[in-house]
Amino acid sequence: MSGETAGATSGGAEGDEDDPVRGAGEAAARLRERYDELRRIESRIDDHGRDRVEAAADAYRHAHRILDRYEEDAVGSGDFESYVRFRGEFGDAVDVDDDLPAAEAFEAADEAVDKRRLSDEDFAAAREALEPAGEFVDLLEAYDDAVDDYRAGRKAAKEARKRLESRVEELREVADMADADLDADLDRLRRPIDSYDEAVMEAFREFFKSASAREVFDFLDRADATPFVDVDVPPTDLAEYVETHAAGEEPPATLLEYADYTNSKLDHYVDDPGALRTAVAVHRTYLERLDGEPLTLDWPPKPGDELAYEIDELVPLVGRIADDDVVATLRSVRELARSDEYGRLRRAAEVRHALDDGDLALIERGEADERLAEAERTRSVVDDVLSETER
């Protein structure tokens, strides 16, 4: 399966080290390797019998602990009592069943210290004699490491599978967009829309600074009545203040300036400083956020009929705050929306907006369907590996 996985991920990665298709294939290959290694170690353990292997390992560790504990006191002409205890405890530790793996190693270790007087060399010989049994300690440690590696590999493969699934969905969308004419001259559409958007934003800024708050709020109410213009209408208490107080004749920008004045200074400009502070200061954030964005056109633009209808609604509104050139630009976009070429231009704009450079390149090279098929093959391989390595 490893070879199949590697083959499924070759090529088409667009030079991206984080490519989910390649990453999933590599994660599946690593999982297969770790699973196979775990099974190999388990097979070695099973050949001897897990209980017998664990018994040999336990006996090896026990014997080593006794050697370490008594070596200093039991050698030479040292403490005779320690020597006796050592011989008794070590003899019990290496007294294993004859059918235990490496049983002869324990017997050899016992013979190495079966003397009336022990030296450091005897202890070293006992440790060396035990080494064949130490392989079973290494084998169990290797098993534990292999289990950890397998679990980590399986978790990584599952996470890579999720990323791959997301990428498959993305590639399916890319393939669905392959009909777009990416050579279309989008400037014919983008230039007038950008020009209009910039101009209407500036026109609203001037309107906010020069028209009375009553005019601005009336404009917002009219705009709110049109389905395609999504504005925030003035809060009720602020609208009532503007309608009923002389300060409502001032532009909203001026009202914001008044809200920063001291009471003594404000007395010179409004008849009721407290009312202004209550109405304007509380809704400062609302006033500061007012701009012409609701009057702008989306990018990518709406479908032709929808865009033309939106512009029909915008023309009388925009005409109230902007000059004729801005309205003329808006009408030119409407003419384009009704033209035969609009659908092709909009489709290209939609695709270029939705996709990054790598996916656009797939369409330009005609490789979108091929890349999708490759991702789906890799997903199938990853699913097989996850199924076959489940424990």
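Worth knowing before you read on, the calculation uses all heavy atoms, side chains too, and leaves out hydrogens, waters and symmetry mates.
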Can you measure from CG (L372) to CG (D176) and round to the nearest 0.5 angstrom? 8.5 Å
Give a yes or no on whether the ring-centroid distance for F123 and F86 is below 6.0 angstrom. yes
Where is the tightest heavy-atom contact between V94 and A63, given as atom of each residue plus distance? CG1-CB, 4.2 Å
Do L164 and V168 touch side chain to side chain, with heavy atoms closer than 4.5 Å? yes
Hydrophobic clusters here meaning ILVMFWY residues chained together by side-chain heavy-atom distances under 4.5 Å, can you tell me if I311 and L189 are in one? yes
Minimal heavy-atom distance between K158 and L386, with the atoms involved, is CG-CD2, 4.0 Å
A side-chain contact here means heavy atoms from C-beta on lying under 4.5 Å apart; do D114 and R87 qualify? yes
Identify the two heavy atoms, one from G153 and one from L31, that lie closest to each other, and give their separation to 0.1 Å. C-CD1, 3.9 Å
Could you list the donor-acceptor pairs under 3.5 angstrom formed by side chains in residues 191-207, with sequence neighbours left out?
unit_1 : atom_1 : unit_2 : atom_2 : d
D194   : OD1    : R190   : NE     : 3.0
D194   : OD2    : R190   : NE     : 3.2
Y196   : OH     : L295   : O      : 2.6
D197   : OD1    : L297   : N      : 2.8
E202   : OE1    : R205   : NE     : 3.1
E202   : OE1    : R205   : NH2    : 2.8
E206   : OE2    : K209   : NZ     : 3.4

For the residue pair R320 and F219, would you count it as a cation-pi contact if the rule is NZ or CZ under 6.0 angstrom from the ring centre and within 45 degrees of the ring axis? no
Basic-acidic side-chain contact under 4.0 Å: E89, R69: yes
If you look at every heavy atom in R167 and L362, which pair is closest and at what distance? NH2-CD1, 4.3 Å
Candidate pair T254 and Y269, rule side chain to side chain contact (heavy atoms under 4.5 Å, CB included), full reasoning: CA-CA 11 Å; T254 302; Y269 295 93; over 6 Å; no
Pairwise side-chain contact, D237 with T278, heavy-atom cut-off 4.5 Å (strictly under): no
Nearest heavy-atom contact between D122 and A112 is CB-O, 3.7 Å
Between F217 and E243, is there a side-chain heavy-atom distance shorter than 4.5 Å? no
Could you go through the side chain to side chain contact (heavy atoms under 4.5 Å, CB included) check for R61 and V137 one step at a time? CA-CA 8 Å; R61 296 189 188 98; V137 174; 3.8 Å; yes
Which of these, R39, R154, R32, sits in a side-chain hydrogen bond (donor to acceptor under 3.5 Å, both in side chains) with T389? R154
Take L360 and V174 through the test side chain to side chain contact (heavy atoms under 4.5 Å, CB included) and record every step on the way to the result. CA-CA 8 Å; L360 286 172; V174 173; over 6 Å; no
Name the one of V326, I321, V327 that satisfies side-chain contact (heavy atoms from CB on, under 4.5 Å) with D323? V326
Heavy-atom closest pair, residues P303 and Y342: C-CE2, 3.9 Å
Under 4.5 Å between any side-chain heavy atoms of R163 and S166, yes or no? no
Considering only heavy atoms from C-beta outward, does the side chain of D149 approach that of E37 to under 4.5 Å? no
I want to check something: taking the side chain as every heavy atom from C-beta on, are E374 and D369 in contact at a cut-off of under 4.5 Å? no
Decide yes or no for Y143 and R50: does some side-chain heavy atom of the first lie under 4.5 Å from some side-chain heavy atom of the second? yes
Connected-component partners of Y309 among ILVMFWY, side-chain separation under 4.5 Å: F228
Please name all residues satisfying ring-ring contact (aromatic ring centres under 6.0 Å, His included) with H64, sequence neighbours left out, ordered by chain then number. Y60
